[in-house]
Amino acid sequence: MQWRDLGLWKYELEDNEWVILQQLHNILKILKDTMLYFSCATPNLATMIPAMDHIDKMLMSYSHNKKYLPSIRSAVQLAKKTLNRYYQLTDRSRTYRISMVLHPQHKLLYFKAAHWEDDWIETGEKLMHEEFERLYLSLHDGSDLGCEDDVWMVCFNSILVWHSC
């Protein structure tokens, strides 16, 4: 039996629809690859920001690439807008900022290399300082620990040196 006899001919794609489909395939691949990465690996907060940065960079590239149809570029700009909305939610999370600043691979250099705004970098560093003071300096009750009273500040200063390397 011919496929046309089944009434499937109405679902046959026109040549221009194949072009759209191919262009969408190229663009959606970056999202699929990211999803598979986070499905197979053990995701953590410090891997989310670089992944979002990569997607953002790719979407920006696609949205300005004239080889894509205007409708595809518009759809990519909407996707980028949605991504930016989620991105802004990470700015509201102290945990995201602190995890990136303390991550051995990223630290503050990641943000500097990615040309993030100085204000964001300074806020991330400030949040890390505040959290350290709140959680660790408060543990030191002034009792003699058998070492220098400023042991906590030495520890804190070591973190500062380490994360700015």
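Just so it is clear, the structure is predicted and the values come from calculations on it, not from any experiment.
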- [ ] Report whether Leu78 and Leu24 are members of the same hydrophobic cluster (ILVMFWY, side-chain heavy atoms less than 4.5 Å apart, transitive linking).
- [x] no

- [ ] May I ask whether Leu28 and Met52 are part of the same hydrophobic cluster, defined by side-chain heavy atoms of I, L, V, M, F, W, Y residues being less than 4.5 angstrom apart, directly or through others?
- [x] yes

TODO: Apply side chain to side chain contact (heavy atoms under 4.5 Å, CB included) to Thr82 and list each qualifying residue two or more places apart in sequence or on a separate chain.
DONE: Arg85, Tyr86

Can you tell me how far [atom2] of [Y] sits from [atom1] of [X], rounded to the nearest 0.5 angstrom?
X: Lys81; Y: Leu59; atom1: NZ; atom2: CG; value: 14.5 Å
X: Leu127; Y: Arg134; atom1: CG; atom2: CZ; value: 11.5 Å
X: Leu21; Y: Leu13; atom1: CG; atom2: CG; value: 6.5 Å

Close side-chain approach of [X] to [Y], heavy-atom, < 4.5 Å:
X: Phe38; Y: Met48; value: yes
X: Asn65; Y: Arg73; value: no
X: Met60; Y: His64; value: yes

Task: Check: Asn26/Gln22 side-chain N/O donor and acceptor closer than 3.5 Å - done: yes

TODO: Determine the interplanar angle of the Trp116 and Phe111 rings, folded into 0 to 90°, and report it as parallel if under 30°, tilted if 30 to 60°, perpendicular if over 60°.
DONE: perpendicular

Task: Contacts of Lys29 that satisfy side-chain hydrogen bond (donor to acceptor under 3.5 Å, both in side chains) - sequence neighbours left out - done: Asp33

Task: Test side-chain contact (heavy atoms from CB on, under 4.5 Å) applied to Met35 and Leu31, step by step - done: CA-CA 6 Å; Met35 186 237 3; Leu31 300 174; over 6 Å; no

